[in-house]
Amino acid sequence: MLYNRKNFFCQEPEPAVSPGKRQKAKAKVEEEEVWRWWEEEKRADGVKWSTLEHKGPVFAPRYERVPRNVRFYYDGKPLELSEETEEAATFYAKMLNHDYCTKEVFNNNFFKDFRKSMTPREREIIKDFRKCNFQEMFNYFQAESEKRKAASKEEKLIKKNENEALMKEFGFCMIDGHKEKIGNFRLEPPGLFRGRGEHPKMGMIKRRIQASDVSINCGKDSKVPSPPPGSRWKEVRHDNTVTWLASWIENVQGQVKYIMLNPSSKLKGEKDHIKYETARRLDKVIDKIRATYRDEWKSKEMRVRQRAVALYFIDKLALRAGNEKDEDQADTVGCCSLRVEHVQLHKELNGKENVVVFDFPGKDSIRYYNEVEVEKRVFKNLELFMEHKKEGDDLFDRLKTQVLNEHLKELMEGLTAKVFRTYNASKTLQSQLDLLTDPSATVPEKLLAYNRANRAVAILCNHQRSVPKSHEKSMENLKEKIKAKREAIEKCESEYHSRDEKKGKQLERLRDQLKKLELQETDRDENKTIALGTSKLNYLDPRISVAWCKKHDVPIEKIFNKTQRTKFLWAVHMADENYRF
DNA sequence: GTTAGCACTTAGTAGGGTCGTC
DNA sequence: GACGACCCTACTAAGTGCTAAC
């Protein structure tokens with residue numbers, strides 16, 4: 001089967017809202033609107049755009065007071081609250097059934113900020129968090145949520161239309177003469193900060209953002225977005241060396257937050273393309289780099305040895321760089337910031353020699369646990385690095401991410417620690433696809449192979465997810481279906497005799513269906529705690545997947561959903577079936 | 001050389017939308 | 001048409017890495 005762009009997408013699984021013609025016309029319009037930036041020359045001067053015009057961000061809806069019969073109770077008695085205090089109370093009430101509310105730090109931080117929002121009189125009364133009762137408010141929001149779910153078709157349609165209108169007005173910008181989608185055009189609404197892991201600031205109140213907090217970035221000759229009546233932007237600037245459209249400083253951690261473009265945009269796509277090209281360049285020098293760092297394990301200089309061992313881990317295990325962190329953040333680490341308590345050395349473990357057991361909280365406080373057999377020299381070095389150190393001491397005390405990256409840049413232009421993660425992820429996908437794909441297999445079988453290759457990457461990168469609530473149930477359902485299918489096959493077999501062509505066909509169909517269900521069962525169970533999406537979106541060169549689909553006659557929409565297809569449109573156009581990473 | 005600030009990428013999850021099944 | 005499962009997307013936190021200022 002030949003794949004031009006048209007038939008590559010022709011098996012769209014999305015519902016046909018209207019038959020044939022209209023759909024085709026729409027697809028044509030969409031196609032015409034596509035900016036084929038990958039066919040244009042890249043700018044090398046750091047200028048990101050020439051013209052930029054947008055409508056500014058959408059503000060969070062005004063606070064609406066809860067009905068008077070929905071009360072906050074203090075010490076068993078209803079207490080009327082001022083508007084600001086009530087709003088803060090609703091932030092907590094909305095989270096009442098969440099795990100966060102069982103955490104002392106969360107409750108303490110919230111209560112401290114809650115008291116700050118109070119009037120002096122309220123502050124005089126509300127002194128003990130344990131005497132606060134948000135239950136009635138919680139019940140109210142639950143009921144509201146139920147109401148929304150149970151709304152009539154018409155009501156839901158009105159909401160949908162309103163949303164679409166808002167998206168149409170604020171969700172796009174004009175950049176260099178092209179209409180592009182904005183990623184997050186709404187300002188973050190006020191609420192409680194949900195830091196991950198043991199975050200010391202969890203529960204603090206994220207305050208409402210006003211126009212006076214927001215900086216706008218747009219073209220010099222463009223129409224400046226209008227702030228809400230009676231207000232002014234913090235600043236309007238025209239900086240074409242950055243990609244953001246608006247920014248503000250968030251009050252909990254003091255970080256800058258941005259309004260930026262959607263991943264389907266040229267600005268993001270071009271950067272993504274460059275990222276994978278850098279990783280491909282690494283492929284050309286990786287053997288030399290590996291030989292060098294192995295050599296440096298013997299260096300006389302401790303800092304060189306540490307750098308070489310750290311780089312080995314970054315390369316072999318796809319660890320993150322591990323920048324230093326502040327005290328007021330969750331205690332998480334990456335490679336360079338590993339401490340002695342995060343690794344254990346075993347001369348022998350489970351029949352393997354020179355085993356390093358990694359056990360540390362990584363990004364998002366996701367646990368990284370891995371028992372790794374390492375080269376003897378690495379093991380000896382680690383013993384040396386750990387000598388005379390106590391808990392809390394850095395494993396690589398002579399190494400910082402910046403030093404490592406400066407070194408890497410000397411080995412290859414544009415090389416940083418994170419390139420290894422991209423490189424090893426994409427390399428793994430490609431080699432696993434080569435290994436697992438049987439060209440004569442059915443499409444479902446090929447998809448299982450693809451998912452397994454994707455899974456190998458997700459495991460390498462430690463992309464975890466919590467087991468979906470419905471996992472147990474959905475596995476049971478699948479098992480039931482499989483059982484029923486087997487029974488149907490048995491029944492069909494008992495009725496079949498060699499000349500009965502119709503029965504034969506039916507039998508064949510049933511067996512196919514059974515196979516498909518069994519494959520689905522394997523796939524789902526293997527995927528229980530592993531998140532495939534993260535690597536697909538951020539680490540896997542999409543051209544590998546595009547090429548694989550083309551080569552093996554697998555419709556691209558079986559691999560990429562609609563969002564992923566728009567993000568990776570450049571790859572769909574660039575890669576043919578012979579593309580190699 | 002160190003640190004802080006900035007810009008941008010990477011990350012998991014909540015919850016609403018969609019689809020298949022009865 | 002109702003219901004439940006699951007898929008998708010928006011959201012926003014948490015990383016990386018660069019640069020400028022001290």
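In the text below, chain A, chain B and the rest are named by the order of the sequence lines, each starting its count at 1.
Distance, A/E406 CD to C/dT16 P: 16 Å, rounded to whole Å. The NE2-P distance, from A/H98 to B/dG15, rounds to 7 Å in whole Å. Residue A/E250 contributes atom CD, which lies 14 Å from atom P of B/dG5 at whole-angstrom precision. One can place CE of A/M95 at 10 Å from P of B/dA14, the figure rounded to the nearest angstrom.
Nucleic acid contact for A/P361: none, since no nucleic acid atom lies under 4.0 Å from a heavy atom of the residue. In this structure, A/K409 reaches the sugar-phosphate backbone alone: every heavy-atom distance under 4.0 Å involves primed, P, OP1 or OP2 atoms, never a base. Counting non-hydrogen atoms under 4.0 angstrom, A/A330 reaches nothing in the nucleic acid. Using a 4.0 Å heavy-atom distance criterion, A/G334 is classed as making no nucleic acid contact. A/G195 comes within 4.0 angstrom of the backbone, heavy atoms only, and of no base. Within 4.0 Å (heavy atoms only), A/G533 reaches no atom of the nucleic acid at all.
Candidate nucleotides C/dA13, B/dG16, C/dT16 were compared by shortest atom distance to the side chain of A/R148, and B/dG16 ranks first. Proximity note for A/A417 (side chain, C-beta onward) versus C/dG17, C/dT12, C/dA14: the nearest is C/dG17.
Ion pairing between a basic and an acidic side chain is recognised when a charged N comes within 4.0 Å of a carboxylate O; A/E406 and A/K400 show no such pairing.
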Per-nt protein contacts along nucleotides 7-12 of chain B (heavy atom under 4.0 Å; B base, S backbone sugar-phosphate only, - none) come out as BBSBSS
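Looking at which nucleotide of DNA chain C each of A/Q564 and A/N323 is closest to, the 5′-most match is held by A/Q564. Closest-nucleotide positions on DNA chain C for A/N184 and A/N405 were compared, and the one nearer the 5' end corresponds to A/N184.
Using modelled atom types, one side-chain atom of A/N262 and one backbone atom of A/S264 make a donor-acceptor pair closer than 3.5 Å. Under a 3.5 Å cut-off, the side chain of A/N462 and the backbone N or O of A/L319 do not form any donor-acceptor pair. No donor-acceptor distance shorter than 3.5 angstrom exists from the side chain of A/N217 to the backbone of A/T243, with no hydrogens or angles considered. Between the side chain of A/K325 and the backbone N or O of A/D331 there is no donor-acceptor pair closer than 3.5 Å. The backbone N or O of A/R543 sits less than 3.5 Å from a side-chain atom of A/D541, completing a donor-acceptor pair.
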What pairs of nitrogen or oxygen atoms, one from the protein and one from nucleotides 1-3 of chain B, lie under 3.5 Å apart?
none

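Put simply, CH2 on A/W37 and CG on A/D176 are 14.0 Å apart, with the number rounded to the nearest 0.5 Å.
A 6.0 Å sphere centred on CD of A/E198 holds no more than 12 heavy atoms belonging to other residues, nucleotides or ligands. The number of heavy atoms from other shown groups lying within 6.0 Å of CD (A/E64) does not exceed 12.
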